[in-house]
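Notes to accompany the following structure.
For clarity, every value in this text was computed on a predicted model and none was experimentally measured.
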Amino acid sequence: MEEILLYFSLKYQGDFDKIYQALKCKEKVDVLLKERLLKSLKSRYTTIISKDYPSALKEISCPPFVLFYYGDLTLTATKCIGVVGMRHPSDYGTEVTKAMVAGLVKENYTIVSGLALGIDVIAHKSAMNNLGKTIAVLGSGIDYCYPLKNKSVYQAMKNNQLIISEYPGNLVPKKFNFPRRNRIISGLSESILVTEANKRSGTMITVGHALEQGKDIYCIPGRVGDTLGCNHLIQQGAKLVMDINDIIDD
């Protein structure tokens, strides 16, 4: 059955709805196509019925049928926190992200983010610079680094950390892939830390998934007149964070 799930995931390029329909309708397997698709696979993989599939993801809405990955999959079973934020952070957002991640990895947290520009890649780099562990969840195919600017971080994580995607091969990301991958970031995380964000952004989508999943949201307050996403979340009940102890003590 694992190979059947892999076959449909490769055939439909990780599209959850198409894979679901294929399974529901008991679509027949094309043996020749299956052989060709399996030969094209470069990464490792786990399926929702495999023993090593991340247990946390079985609790979310629309869990990926297959996860493609490079690196250490056991990191998904560690104490994970999602660190997310805007793609063009201020100097303040950059420095506070570095400081918070440095403190978190010293407390043995694994940092989960999306390898995007800005806060995401800052969080990944800071985790590695402080000899910590980090997980990147891609919105592209597992073999397609997006954005290309983060290629060196992608390669470093591929060898020594964990990179995962529900999308196989060199699939070029589409706009709707990124909001969908955010459910995986929040699903793997025990809680979410937002260090700097706009009120309308992909970060807020991640927060929405986390709230649906019953996760705690922590926010670094922003200065009045700057980006107000974190302040808005705090007004709505997110937990204000002034230093790392506010998360650890909680």
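- Remark: Lys11 pairs with Glu27 by the salt bridge (charged side-chain N to carboxylate O under 4.0 Å, His left out) rule, at least two apart or across chains.
- In this structure, Arg183 contributes its side chain and Cys62 its backbone to a donor-acceptor pair below 3.5 Å.
- Thr110 contributes no side-chain N or O that, together with a main-chain N or O of Cys80, makes up a donor-acceptor pair within less than 3.5 Å.
- Through side-chain heavy atoms spaced under 4.5 Å, either directly or across other Ile, Leu, Val, Met, Phe, Trp or Tyr residues, Tyr144 is tied to Tyr146, Val172, Phe178.
- Sparse packing is recorded around NZ of Lys125, with 12 or fewer heavy atoms of other residues, nucleotides or ligands lying under 6.0 Å away.
- Shortest non-hydrogen contact noted between Leu115 and His124 is N-NE2, 3.2 Å.
- Note that CD1 of Ile234 and SG of Cys219 are 5.0 Å apart. Values are rounded to the nearest 0.5 Å.
- Side-chain contact check for Leu188 versus Ile164: some heavy-atom pair is nearer than 4.5 Å.
- You'll find the side chain of Tyr154 reaches within 4.5 Å of the side chain of Leu138, heavy atoms only.
- Asn130 contributes a side-chain N or O that, together with a main-chain N or O of Ser126, makes up a donor-acceptor pair within less than 3.5 Å.
- Here the side chain of Asp15 pairs a donor or acceptor atom with the backbone of Lys18 at under 3.5 angstrom.
- Here Tyr218 contributes atom OH and Thr195 contributes atom OG1; the two are 15.5 Å apart, rounded to the nearest 0.5 Å.
- With respect to the salt-bridge test (charged N to carboxylate O, under 4.0 angstrom), the residues Asp52 and Arg44 do not qualify.
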Original post:
Given the rule in the side-chain contact (heavy atoms from CB on, under 4.5 Å) test, do Ile49 and Glu2 qualify, once you have shown the distances and angles that lead to the verdict?
Top reply: CA-CA 7 Å; Ile49 60 172; Glu2 288 174 300; 3.8 Å; yes

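- Arg180 places no side-chain N or O within 3.5 Å of a backbone atom of Asn177 that could act as its donor or acceptor partner.
- The hydrophobic clustering, which links ILVMFWY residues whose side-chain heavy atoms are closer than 4.5 Å, places Val66 and Met1 together.
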**OP:** Show the numbers, then the answer: is there a side-chain hydrogen bond (donor to acceptor under 3.5 Å, both in side chains) between Ser61 and Glu212?
**Re:** CA-CA 9 Å; Ser61 175; Glu212 288 177 5; over 6 Å; no

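- Contact annotation: the side chain of Leu117 approaches that of Lys149 to within less than 4.5 Å [non-hydrogen atoms, C-beta and beyond].
- Considering only heavy atoms from C-beta on, Met157 comes within 4.5 Å of Met128 through its side chain.
- Around atom NZ of Lys174, no more than 12 heavy atoms belonging to other residues, nucleotides or ligands sit under 6.0 Å away.
- Screening Ile247, Val83, Asp243 for a side-chain contact (heavy atoms from CB on, under 4.5 Å) involving Met100 leaves a single residue, Ile247.
- In this structure, Asn159 places its CG atom where more than 12 heavy-atom neighbours from other residues, nucleotides or ligands lie under 6.0 Å away.
- More than 12 heavy atoms of other residues, nucleotides or ligands sit less than 6.0 Å from atom NZ of Lys58.
- Scanning for salt bridge (charged side-chain N to carboxylate O under 4.0 Å, His left out) contacts around Lys34 gives Glu3, with sequence neighbours left out.
- A chain of hydrophobic side-chain contacts below 4.5 Å, direct or via other Ile, Leu, Val, Met, Phe, Trp or Tyr residues, connects Leu57 to Leu75.
- Note that the OG atom of Ser189 and the NZ atom of Lys79 stand 13.5 Å from one another [nearest 0.5 Å].
- Counting all heavy atoms, side chain and backbone alike, Gly222 lies closest to Asn231 at N-OD1, 2.8 Å.
- Remark: side-chain polar atoms of Ser50 are not paired, donor with acceptor, to backbone N or O of Thr46 under 3.5 angstrom.
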**OP:** Test Val112 against Thr134 for side-chain contact (heavy atoms from CB on, under 4.5 Å), laying out the working first.
**Re:** CA-CA 6 Å; Val112 183; Thr134 182; over 6 Å; no

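- Counting heavy atoms from C-beta on, the side chains of Leu131 and Val105 never come closer than 4.5 Å.
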**OP:** Check step by step if side-chain hydrogen bond (donor to acceptor under 3.5 Å, both in side chains) holds for Tyr70 and Asp143.
**Re:** CA-CA 9 Å; Tyr70 288 110; Asp143 296 308; 2.5 Å; yes

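- A chain of hydrophobic side-chain contacts below 4.5 Å, direct or via other Ile, Leu, Val, Met, Phe, Trp or Tyr residues, connects Tyr12 to Leu41.
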**OP:** Evaluate the side-chain hydrogen bond (donor to acceptor under 3.5 Å, both in side chains) criterion for residues Thr206 and Ser186: first the C-alpha distance (whole Å), next the side-chain angles of each, then the deciding distance (0.1 Å), finally the verdict.
**Re:** CA-CA 6 Å; Thr206 306; Ser186 59; over 6 Å; no

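- Minimum interatomic distance between Ser165 and Ser140 (heavy atoms only, all atoms of both residues): OG-O, 2.7 Å.
- In this structure, Glu190 and Ile81 have side chains that are not in contact, with every pair of non-hydrogen atoms separated by 4.5 Å or more.
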**OP:** Quick one: do Phe65 and Phe8 satisfy ring pair (Phe, Tyr, Trp, His ring centres under 6.0 Å)? Show the steps, please.
**Re:** CA-CA 9 Å; Phe65 290 104; Phe8 285 126; 9.5 Å; no

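- Interatomic distance, CG of Asn150 versus CG of Asp120, reported as 9.0 Å (0.5 Å rounding).
- Neither Ile220 nor Leu211 shares a network with the other; the hydrophobic side chains, linked directly or stepwise wherever heavy atoms of I, L, V, M, F, W or Y lie under 4.5 Å apart, form separate groups for each.
- Of the residues listed (Phe16, Phe68, Tyr45), the one engaging Ser9 in a side-chain contact (heavy atoms from CB on, under 4.5 Å) is Phe68, and it is the only one.
- Nearest approach of Asp30 to Leu33, heavy atoms of both residues: OD1-N, 3.0 Å.
- Leu23 and Tyr7 fall within a single hydrophobic cluster, where Ile, Leu, Val, Met, Phe, Trp and Tyr are joined by side-chain heavy atoms under 4.5 Å apart, directly or via other members.
- A distance of 10.5 Å separates CD in Gln161 from CD1 in Ile111, rounded to the nearest 0.5 Å.
- Scanning all heavy atoms of the two residues, the minimum distance from Ser113 to Ile185 falls at C-CD1, 3.9 Å.
- Here Lys239 does not pair with Asp246 in a salt bridge; the nearest charged N to carboxylate O distance is not below 4.0 Å.
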Subject >> Intermediate values then yes/no, side-chain contact (heavy atoms from CB on, under 4.5 Å), Leu38 and Leu6 >> reply: CA-CA 8 Å; Leu38 294 185; Leu6 177 61; 3.3 Å; yes

**OP:** Start with the C-alpha gap between Thr78 and Lys133, add the side-chain angles, then the distance that decides, and say whether side-chain contact (heavy atoms from CB on, under 4.5 Å) holds.
**Re:** CA-CA 9 Å; Thr78 60; Lys133 296 299 182 181; 6.0 Å; no

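- Between Gly71 and Leu162, the shortest heavy-atom distance links the atoms C-CD1, 4.1 Å.
- Atom NZ of Lys158 sits in a crowded spot, with more than 12 heavy atoms from other residues, nucleotides or ligands closer than 6.0 Å.
- Here the OG1-CG distance, from Thr76 to Leu67, works out to 8.5 Å after rounding to the nearest 0.5 Å.
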